[in-house]
*Asks:* 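One structure, as structure tokens, below. Some questions next.
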Amino acid sequence: MVSSVKRFLIGRPLKSTELGEQKLNKTKALAILSSDALSSVAYGPEQILLVLMTVSAAAFWYSMPIAFGVLILLTALILSYRQIIYAYPQGGDAYVVSKTNLGTNPGLIAGGSLLVDYILTVAVSVSAGTDAITSAFPALHEYNVMIAVIFVVLLTLLNLRGVTESASVLAYPVYLFVLALFILIGVGLFRIATGEVPPDLHTPAGTPVAGISLFILLRAFASGSSALTGVEAISNAIPNFKSPAPVNAAKTLTAMGLLLALLFWGIVYLAYYYGISPLAEVTVVSQIAEETFGRTFMYFFIQGTTALILILAANTGYSAFPLLAVNLAQDKFIPRMFTFRGDRLGYSNGIMILGAASILLIILFGGHTENLIPLYAVGVFIPFTLSQTGMMVKWLREKPKGWVTKFVINTTGALISFVVTIVFFLTKFVQVWPVLVFLPIIIYLFHRIKMHYEAVGDQLRITTCEPAVPIEGNIIIVPVSGITHVVENSLNYAKSLSPERIIAVYVAFEREEEKKFEEKWSKWQPDVRLVTLHSQYRSIIQPLTKFVDTVEHKARESNYQVTVLIPQFIRKKGWHNFLHNQSSLLIRAFLLYRRNVVVTTVPYHLKK
């Protein structure tokens with residue numbers, strides 16, 4: 001029943017050989033990876049005006065040079081991330097770049113910031129989209145949290161179905177939003193050019209404004225830079241692109257930067273020329289649309305697509321979070337469960353953890369996550385600064401052809417990103433101070449998990465001088481996952497019971513991996529029969545239980561008993577055991593109720 005429900009919700013399992021079919025072309029990638037950045041056009045310009053309004057409406061003309069500064073930063077980031085894409089084609093997120101060029105701790109700061117930021121991306125985006133819906137239908141306002149949670153669950157299920165399928169569904173709303181805003185900007189500029197919009201609605205550019213200061217302008221610039229969140233997502237997700245992945249990713253990044261620049265500048269210019277002031281109950285985009293079209297179909301079309309993309313912006317987090325988690329897990333800073341692909345070839349553990357954490361955040365904040373936007377923005381600009389600085393170090397160290405131009409680009413991006421980060425801390429400390437608390441905690445946890453894996457690895461490594469525990473002196477099946485002291489201990493126990501009838505079983509996901517293990521085994525334990533099972537759906541349980549059932553059926557005909565010995569780690573602290581024994585627990589659970597099979601664990605006690 002569980003299998004049937006699972007298949008209905010996320011589809012049939014895919015073979016490992018079908019991974020190439022799950023890659024994205026440029027059109028789908030632009031939609032699924034740019035939704036966060038493009039959706040920020042709906043609130044980025046408004047953030048600039050909210051700061052300038054603290055001086056007076058006459059200061060709104062400063063939004064034009066501030067927007068120009070934001071576009072300079074955008075250009076520097078796009079050029080820099082293009083370089084990162086080609087330098088790190090395996091997926092050059094800020095964690096990889098910072099760790100490689102600046103060291104482990106800067107890399108962990110970048111990685112930890114991005115992990116939290118992607119959770120915030122989902123929570124903030126879904127909450128903002130829900131607010132847009134409940135604003136149109138006030139009767140639903142009391143169900144804000146429930147609606148937001150439902151949207152997160154739907155997005156989680158959609159992403160569990162695979163990258164290609166989610167991209168196919170989400171591409172249409174994203175492109176409809178882009179089309180709607182281009183129509184809005186085009187018609188607005190036409191009305192201005194034909195004189196339909198009176199020029200006295202706005203303060204002329206260059207008008208002196210009392211009370212304006214460099215601090216105010218920097219604060220407005222930092223707030224407007226929140227529109228650049230999500231720019232890094234494409235460089236994180238290079239493995240999801242069709243071949244040649246780096247070329248396709250670079251082209252997609254350029255297209256996203258161009259679209260974002262045009263939409264951002266267009267909205268800022270129309271808001272300035274129309275003399276729009278931000279209101280608590282009506283967004284700037286809504287006011288521009290109403291001024292341009294009135295309460296017609298086009299107005300509701302723009303509002304509808306805006307609400308939709310605010311929700312779908314969360315999908316950028318679902319695309320980038322699992323890949324970042326894979327990089328951290330491969331370096332043993334988080335549990336290795338994040339490296340496993342699910343039935344649909346996506347990193348399903350990362351997807352589910354992201355969905356659960358986002359739901360928890362929405363519930364804790366009652367769906368009112370607007371106060372998290374500064375934290376959300378600063379969580380991006382810390383990795384921006386570190387990745388740009390890391391690339392500066394890379395060019396200085398390697399000095400490839402044309403490195404001076406690349407160094408200047410990264411230096412510009414690093415300096416501006418650093419200024420924006422500092423301004424956020426100076427002007428919005430009340431909202432961003434949690435980053436100073438959770439980052440050290442996250443980095444401490446990263447190091448603790450790494451220390452645990454290293455300590456266990458030292459004890460399990462077969463080349464260590466510590467001898468395996470000898471055991472003095474039916475068909476015995478021993479599932480094995482590698483050549484370690486744990487496996488050696490289990491085999492010694494099996495030999496003491498039935499030295500002639502031992503079958504070691506290894507489940508391989510790749511044919512090459514299977515051949516390599518068979519070669520190693522023949523040298524290490526030539527007297528123990530090894531059976532390798534190839535699992536094209538990356539399941540350990542299914543091929544193993546099928547093999548056990550086959551052996552048990554034959555053994556019953558010959559009156560033999562089948563015993564399955566499951567190697568298991570034992571440490572005093574329970575969470576350490578859980579990190580390593582998920583597979584052992586599942587195997588035991590699936591085999592425990594086989595009628596003629598004895599299932600037992602062989603403990604291997606690790607040092608504290």
Side-chain angles (χ1 to χ4, degrees), residues 456 459-464 466-570 577 580-606:
V456 171
Q459 293 185 57
L460 299 184
R461 200 167 291 116
I462 206 70
T463 55
T464 58
E466 182 180 344
V469 179
I471 298 176
E472 304 293 338
N474 346 57
I475 297 176
I476 300 179
I477 298 173
V478 184
V480 299
S481 61
I483 297 176
T484 66
H485 278 311
V486 177
V487 174
E488 187 175 32
N489 185 63
S490 301
L491 291 176
N492 286 340
Y493 181 71
K495 289 174 183 177
S496 72
L497 299 176
S498 179
E500 294 83 23
R501 297 188 181 88
I502 302 172
I503 305 174
V505 182
Y506 178 75
V507 181
F509 297 165
E510 304 292 341
R511 291 294 184 187
E512 185 178 351
E513 171 193 351
E514 184 179 354
K515 291 178 182 177
K516 287 181 180 178
F517 189 82
E518 286 174 344
E519 291 173 1
K520 290 180 181 178
W521 187 272
S522 63
K523 296 176 182 177
W524 182 54
Q525 293 283 350
D527 57 333
V528 176
R529 180 187 174 191
L530 173 70
V531 173
T532 56
L533 307 175
H534 180 252
S535 175
Q536 59 185 357
Y537 293 111
R538 300 158 307 286
S539 168
I540 295 174
I541 304 299
Q542 187 175 1
L544 180 61
T545 52
K546 186 176 180 180
F547 176 81
V548 171
D549 289 342
T550 302
V551 173
E552 189 275 331
H553 178 72
K554 292 182 179 179
R556 197 175 347 135
E557 295 175 352
S558 305
N559 295 320
Y560 283 117
Q561 175 68 55
V562 175
T563 302
V564 180
L565 301 182
I566 304 174
Q568 191 170 29
F569 300 81
I570 300 294
N577 296 330
H580 289 284
N581 290 321
Q582 302 106 318
S583 296
S584 300
L585 294 170
L586 284 171
I587 292 170
R588 190 173 185 185
F590 275 84
L591 295 177
L592 202 56
Y593 295 102
R594 297 299 198 278
R595 280 191 308 166
N596 298 307
V597 177
V598 176
V599 182
T600 185
T601 55
V602 183
Y604 184 85
H605 293 272
L606 298 168

*Asks:* The test is side chain to side chain contact (heavy atoms under 4.5 Å, CB included); show your working for V505 and V478 and say whether it passes.
*Replies:* CA-CA 6 Å; V505 182; V478 184; over 6 Å; no

*Asks:* Do the non-hydrogen side-chain atoms of P567 and V480 ever get within less than 4.5 Å of each other?
*Replies:* no

*Asks:* To the nearest 0.5 Å, tell me how far Q536 CD sits from F509 CZ.
*Replies:* 12.0 Å

*Asks:* Working note: W524 + V487, criterion side chain to side chain contact (heavy atoms under 4.5 Å, CB included); need CA distance, chi angles, decisive distance, verdict.
*Replies:* CA-CA 11 Å; W524 182 54; V487 174; 4.1 Å; yes

*Asks:* Do V562 and I477 pass the side chain to side chain contact (heavy atoms under 4.5 Å, CB included) test, and can you show the C-alpha distance, the side-chain angles, and the key distance before you say yes or no?
*Replies:* CA-CA 7 Å; V562 175; I477 298 173; 4.0 Å; yes

*Asks:* With a sphere of 6.0 Å drawn around CD of Q542, does it hold more than 12 non-hydrogen atoms of other residues, nucleotides or ligands?
*Replies:* no

*Asks:* Do V564 and T600 come close enough that some side-chain heavy atom pair is under 4.5 Å?
*Replies:* no

*Asks:* Check S490 against L565 and note the closest heavy-atom contact, atom names and distance.
*Replies:* O-CD1, 4.1 Å

*Asks:* For the atom pair CD (E513) and OG1 (T532), what is the distance rounded to the nearest 0.5 Å?
*Replies:*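 Output value for this atom pair is 10.0 Å.
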
*Asks:* Identify, with sequence neighbours excluded, every residue that meets side chain to side chain contact (heavy atoms under 4.5 Å, CB included) alongside V531.
*Replies:*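 Expected list: I503, R529, L533, F547.
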
*Asks:* Once you round to the nearest 0.5 Å, how far does CD1 of I475 lie from CD1 of I502?
*Replies:*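 The CD1 atom of I475 sits 12.0 Å away from the CD1 atom of I502.
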
*Asks:* How about H553: does its NE2 atom have over 12 heavy atoms from other parts shown lying under 6.0 Å from it?
*Replies:*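 Counting other residues, nucleotides and ligands, NE2 of H553 stays at 12 neighbours or fewer.
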
*Asks:* Are R511 and E514 ion-paired here, with the side-chain N under 4.0 Å from a carboxylate O?
*Replies:* yes

*Asks:* Answer yes or no: is there a donor N or O on one side and an acceptor on the other, between the side chain of W521 and the main chain of I483, under 3.5 Å?
*Replies:* no

*Asks:* With I541, which residues qualify under side chain to side chain contact (heavy atoms under 4.5 Å, CB included), at least two apart?
*Replies:*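 If we apply the side chain to side chain contact (heavy atoms under 4.5 Å, CB included) test to I541, skipping adjacent residues, the hits are S539, T545, L586, I587, F590.
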
*Asks:* Are E488 and Y493 linked by a side-chain donor-acceptor pair shorter than 3.5 Å?
*Replies:* no

*Asks:* To the nearest 0.5 Å, what is the distance between CD1 on I540 and OG on S481?
*Replies:*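 If I round to the nearest 0.5 Å, the distance is 8.0 Å.
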
*Asks:* Decide yes or no for V507 and P543: does some side-chain heavy atom of the first lie under 4.5 Å from some side-chain heavy atom of the second?
*Replies:*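 Yes, close enough: below the 4.5 Å cut-off.
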
*Asks:* Would a 4.5 Å heavy-atom cut-off, applied to side chains only, mark V597 and V548 as touching?
*Replies:*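 In contact.
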
*Asks:* Using the side chain to side chain contact (heavy atoms under 4.5 Å, CB included) rule, take I476 and K495 through it: C-alpha gap first, then chi angles, then the decisive distance, then the call.
*Replies:* CA-CA 9 Å; I476 300 179; K495 289 174 183 177; over 6 Å; no

*Asks:* So, taking the atom named CD in E510 and the one named NZ in K516, what distance separates them when rounded to the nearest 0.5 Å?
*Replies:* 10.5 Å

*Asks:* Find the distance between CD (Q525) and CG (L530) and round it off to the nearest 0.5 Å.
*Replies:* 10.5 Å

*Asks:* So, do R501 and Y560 sit near enough that their side-chain heavy atoms are less than 4.5 Å apart?
*Replies:* yes

